[in-house]
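For the single chain, residues carry numbers from 1 onward in sequence order. Just so you know, these numbers use all the heavy atoms, side chains as well, and skip hydrogens, waters and symmetry mates.
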Amino acid sequence: MTHRHHLQAEAGTGPAYDFDTPVDRHGTWCTQWDYVEDRFGAPDLLPFTISDMDFETAPEVLDALRGRLAHGVLGYSRWRHTDFLSAVRHWYATRYATDIAEDRIVYGPSVIYQVSQLLRMWSRPGDGIVVHTPAYDAFPKTVAAHGRELRGCPLGDDAELERLLALPDSSVLLLCSPHNPTGHVWTAGELTRLAELCARHGVAVISDEIHADLARDGHPHLPWARFGSGRWAVVTSASKSFNIPALTGSYGILGSDTDRDAYLHRLKDADGLSSPAVLSVVGHIAAYRHGAPWLDALRTYLDGNLRLVAERLGAAFPELAWQPPQAGYLAWIDLRPLGVPEAALQRELIDRQRVAIMPGSTYGPAGAGFVRLNVGCPRTKAAAGVDALVRALTALRTER
């Protein structure tokens with residue numbers, strides 16, 4: 001086990017894990033820390049930005065990676081074997097009470113790669129791709145890059161959703177489940193309704209479920225695999241929940257043999273990606289076979305961070321009435337009741353508070369007036385972020 005194993009944990013039973021001790025990520029080519037200037041125009045900001053966490057991954061995963069590296073040979077590898085496929089099936093059975101057929105599981109280098117391939121398979125240039133807004137910022141970029149038209153539907157607007165799905169050239173619903181950036185977890189009723197609408201209008205569904213493992217208690221994630229009919233796919237990865245995106249690697253679950261074979265033809269023959277990143281395969285197997293206690297401890301710790309944000313925002317600005325999201329570690333905060341312009345807030349955060357917090361407009365026009373604060377970090381850093389946000393908002397309101 002790593003030196004941080006068995007040091008500290010939230011109250012409870014089971015193994016103890018340390019999420020409080022900061023890990024210095026500077027100088028590791030880290031997007032969030034080393035390249036914050038690329039997005040925010042200033043160096044050395046305290047970042048609360050891209051959705052990875054500042055924690056070491058589960059020691060069970062690290063031990064498996066060390067064991068594989070100790071072998072010393074890093075040649076071509078495979079993903080289509082029982083060790084990997086059964087680990088995914090085990091995870092869905094134990095976490096989601098859902099049986100996944102192993103022959104429907106496919107590999108991909110990333111979730112967005114899989115989304116791209118499925119968009120090519122299930123739509124044509126000029127077709128409409130329906131997405132709930134505000135939207136994860138990679139979705140509009142990917143849709144546009146493939147010459148499709150993004151059709152945004154405000155989250156919760158059922159009438160608009162049905163109108164968009166009914167358009168004759170709307171070919172795919174690109175579902176984010178749980179939803180990024182809002183953290184909304186779809187209920188069984190909502191998913192049943194989505195499935196009915198897509199079946200009625202012949203719309204394929206790509207369900208990005210990368211945040212599923214971080215759904216909070218009381219808001220259980222329900223895989224699209226339970227609801228899908230016709231053309232559908234789940235695309236996901238252990239990268240968010242176990243903080244291993246730098247290993248690359250994802251997997252998908254496809255609803256039919258025909259679509260599975262078509263996808264694999266593109267992966268292997270067109271793109272030459274039949275050999276996966278072997279450390280990603282090792283990491284997924286270890287996470288899904290042995291990482292559940294660490295994940296449960298992480299979820300408890302993140303709950304504490306989100307409660308801290310709610311308490312400090314509530315004390316300073318009760319009119320916001322902010323509550324933690326239903327999933328994830330990204331605090332999606334509606335600041336519109338305060339009437340603070342986004343550009344002025346960003347200048348205050350960057351120039352005076354020296355923090356980087358994602359402006360809501362990053363996620364499209366529907367995100368204007370919001371911020372997305374990443375609290376996947378030690379509690380001291382989470383406190384520093386929300387306190388800086390409170391100071392910035394207070395300063396701007398005072399100036400007005």
Side-chain angles (χ1 to χ4, degrees), residues 22-55 110 112 133-145 150 152 180-183 239-240 243 245-246 305 309 312-313 316-317 320 322 328-378 380-400:
V23 179
D24 186 0
R25 300 180 67 189
H26 289 102
T28 61
W29 312 302
C30 169
T31 297
Q32 184 167 186
W33 288 81
D34 289 332
Y35 298 100
V36 68
E37 186 175 6
D38 290 354
R39 185 186 290 267
F40 290 87
D44 302 323
L45 304 177
L46 185 64
F48 300 88
T49 56
I50 192 170
S51 57
D52 68 3
M53 296 183 285
D54 290 328
F55 307 124
S110 72
I112 291 300
T133 58
Y136 168 46
D137 55 320
F139 283 178
K141 295 172 186 175
T142 302
V143 169
L150 185 80
N180 178 12
T182 69
S239 62
K240 293 295 184 204
N243 205 36
N305 280 358
V309 173
R312 299 200 179 182
L313 277 180
F317 304 108
L320 296 181
W322 187 82
Y329 49 82
L330 304 169
W332 181 246
I333 305 170
D334 184 357
L335 301 176
R336 290 174 298 177
L338 303 182
V340 173
E342 181 177 276
L345 176 59
Q346 284 297 311
R347 286 195 301 272
E348 176 70 21
L349 290 169
I350 293 166
D351 296 341
R352 296 179 61 182
Q353 304 301 328
R354 304 298 296 167
V355 297
I357 298 174
M358 297 293 269
S361 61
T362 301
Y363 311 98
F370 291 74
V371 293
R372 196 188 79 169
L373 177 71
N374 178 348
V375 293
C377 56
T380 52
K381 183 190 172 194
V386 68
D387 288 348
L389 178 60
V390 167
R391 288 194 301 270
L393 292 168
T394 301
L396 291 172
R397 294 192 83 192
T398 301
E399 290 174 4
R400 293 176 66 207

Which distance, rounded to the nearest 0.5 Å, do you find between the CG of Asp38 and the OG1 of Thr31?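 If I round to the nearest 0.5 Å, the distance is 8.5 Å.
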Could you grab the distance from atom CG of Asp44 to atom NE2 of His26, nearest 0.5 Å is fine?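 Between Asp44 CG and His26 NE2, I get 6.5 Å after rounding to 0.5 Å.
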Please find the pair of heavy atoms, one from [X] and one from [Y], that lie closest to each other, and give the distance.
X: Leu45; Y: Ala356; answer: CD1-CB, 4.0 Å
X: Asp54; Y: Pro378; answer: CB-CD, 4.1 Å
X: Cys377; Y: Asn374; answer: SG-O, 4.3 Å

Does Asp387 come within less than 4.0 Å of Arg312, counting only side-chain N to carboxylate O?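 So Asp387 pairs with Arg312 through a salt bridge.
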Salt-bridged, Arg372 to Asp137, with N to O below 4.0 Å?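 No.
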Measure from the side-chain N and O atoms of [X] to the backbone N and O of [Y], and report whether any donor-acceptor pair falls under 3.5 Å.
X: Thr362; Y: Met358; answer: no
X: Asp34; Y: Trp29; answer: yes
X: Asn243; Y: Met53; answer: yes
X: Gln32; Y: Ser51; answer: no
X: Glu342; Y: Ser361; answer: yes

Evaluate the ring planes of Trp332 and Phe370, with Trp represented by its six-membered ring, and classify them as parallel (under 30°), tilted (30 to 60°) or perpendicular (over 60°).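 Ring orientation of Trp332 relative to Phe370: parallel.
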Hey, are the side chains of [X] and [Y] touching, using non-hydrogen atoms and a 4.5 Å cut-off?
X: Phe139; Y: Asn180; value: no
X: Ile357; Y: Thr49; value: no
X: Trp322; Y: Asp334; value: no
X: Lys240; Y: Pro245; value: no
X: Arg347; Y: Leu396; value: no

One pair to check against side-chain contact (heavy atoms from CB on, under 4.5 Å): Phe317 and Leu338. What are the steps and the verdict? CA-CA 8 Å; Phe317 304 108; Leu338 303 182; 4.0 Å; yes
Kindly confirm or rule out a cation-pi arrangement of Lys381 over Phe48, judged by NZ or CZ under 6.0 Å from the six-membered ring centre and within 45° of its axis?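 Lys381 over Phe48 ring: yes.
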More than 12 foreign heavy atoms under 6.0 Å from CZ of Arg352: is that the case here?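 Result for CZ/Arg352: open.
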